[in-house]
Amino acid sequence: GAGVSQSPSNKVTEKGKDVELRCDPISGHTALYWYRQRLGQGLEFLIYFQGNSAPDKSGLPSDRFSAERTGESVSTLTIQRTQQEDSAVYLCASSPGRTTGRGQFFGPGTRLTVL
Amino acid sequence: QKEVEQDPGPLSVPEGAIVSLNCTYSNSAFQYFMWYRQYSRKGPELLMYTYSSGNKEDGRFTAQVDKSSKYISLFIRDSQPSDSATYLCAMKTGANNLFFGTGTRLTVIP
C-alpha cells in the first residue's frame, strides 16, 4: 500500500534514554504532521512541516522534543532524556499540500512506553 | 476549559440503531470541521469534512455544524458492527494544526 508508514510500531525504553521515531509520508505529500495521543485523550499537535518552509514547532512540549524532515520525504521525531509522561502513541500524518481541512492521512502510530 | 469537548462514552447501541455523536468547542475562529474514525491500534481515518455551518451527507453518515451554538454532530444511520470504533471530532482555523476531541468509543452490538 501507499499509505503513511511509521517505525517502530512499538518502542519500550528506560527513563533517561533517547528515542527516534520515523515517519514515511505518502509519496508526493508536501505537508507532514506529528501528533501525540495519550491514553484516554485526544490527539495533541506537536509539529508541522510544509515543503521547504520553516517548520511550525509551536506544539512541541519541551526542548527535549525535536523533529527533522529532509525535503518532502522521511521525518524523524527525537525525544531526548525520555520521561514516563512521554509514554503515548505518536502519530504521523501527511497531506497533499497546505491543507484547508481536506484531511490528513495518518499512519498507524508508534506506541512508546517509558519505564 | 479545553478548546474541544467530546463525551468519551463509551456508547453501546444495537445493530441498526441511529447513532448521534457530538462535540462542542469554544474558539469561534474554527472554520473547518472533521470527523475521524479510529480502530483499535490504528491511526485515525477521515470520515467527514465540512467547511463552516451546514450539513453534509455521505452514505450512512451525516455531519452537521452549527457555528452559532459552537456544536457539531455526526449521525450514523443503520449502524453496523463494523462501525465499532472511536470517533474523533477535529477542527481548525486557517492555521496548520487540528484540534481534536478526546474521542467517543462506540460499540455496535449485533
Side-chain angles (χ1 to χ4, degrees), chain A residues 1 3-10 21 23-26 30-51 53-61 67 88-111, chain B residues 1-10 21 23-27 29-54 56 58 61 63 65 67 72 85-105:
Chain A
V4 177
S5 61
Q6 292 185 246
S7 60
S9 54
N10 284 283
L21 312 180
C23 172
D24 282 89
I26 293 173
T30 59
L32 187 147
Y33 304 75
W34 283 98
Y35 292 87
R36 177 169 68 180
Q37 186 175 30
R38 288 175 163 151
L39 187 64
Q41 298 186 22
L43 277 71
E44 176 188 4
F45 168 76
L46 296 177
I47 189 169
Y48 161 73
F49 295 90
Q50 172 59 51
S53 302
D56 176 355
K57 304 180 181 180
S58 60
L60 294 178
V89 176
Y90 289 83
L91 289 156
C92 174
S94 70
S95 69
R98 188 176 180 83
T99 181
T100 56
R102 291 196 178 279
Q104 301 164 13
F105 296 84
F106 283 83
T110 293
R111 185 173 299 270
Chain B
Q1 181 190 9
K2 292 181 182 178
E3 290 203 76
V4 181
E5 299 278 358
Q6 183 175 9
D7 185 341
L21 304 168
C23 288
T24 59
Y25 62 94
S26 56
N27 187 350
F30 287 139
Q31 300 179 63
Y32 305 94
F33 304 90
M34 284 139 278
W35 285 95
Y36 283 83
R37 178 174 62 195
Q38 186 175 25
Y39 291 114
S40 181
R41 302 266 174 172
K42 302 287 187 183
E45 56 177 325
L46 180 67
L47 268 182
M48 300 288 285
Y49 152 72
T50 310
Y51 171 69
S52 195
S53 283
K56 184 171 184 178
D58 183 1
F61 298 89
V65 175
K67 291 190 71 179
I72 70 170
T86 296
Y87 290 80
L88 299 150
C89 64
M91 48 200 78
K92 71 194 298 288
T93 63
N96 303 323
N97 51 310
L98 289 171
F99 291 84
F100 283 84
T102 53
T104 300
R105 181 175 292 182

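Every value quoted in this text rests on a predicted model; they were computed, and no experiment measured them. By convention in this document, chain letters (A, B, ...) are assigned in the order of the sequence lines, proteins followed by strands, and residues within each chain are numbered from 1.
- Here the straight-line distance linking atom OG1 of Thr86(B) with atom CD of Gln37(A) works out to 8.0 Å at 0.5 Å rounding.
- Looking at Gln6(A), there are no atoms closer than 4.5 Å to chain B (heavy atoms on both sides), in backbone or side chain.
- In terms of the side-chain contact (heavy atoms from CB on, under 4.5 Å) criterion, residue partners of Asn10(A) (sequence neighbours excluded) are, by chain and number, Arg111(A), Arg41(B).
- Heavy-atom distances place the side chain of Gln38(B), and not its backbone, under 4.5 Å from chain A.
- Residue Leu91(A) touches chain B through its side chain alone, counting heavy-atom pairs closer than 4.5 Å.
- How far OG1 of Thr102(B) is from CZ of Arg38(A): 14.5 Å, rounded to the nearest 0.5 Å.
- The greatest number of non-hydrogen atom pairs below 4.5 Å with chain A, out of Cys89(B), Pro44(B), Gly101(B), is found for Pro44(B).
- Side-chain contact between Tyr35(A) and Leu98(B): present, with at least one pair of heavy atoms (C-beta onward) separated by less than 4.5 Å.
- Interatomic distance, Leu46(B) CG to Phe106(A) CZ, rounded to the nearest 0.5 Å: 9.0 Å.
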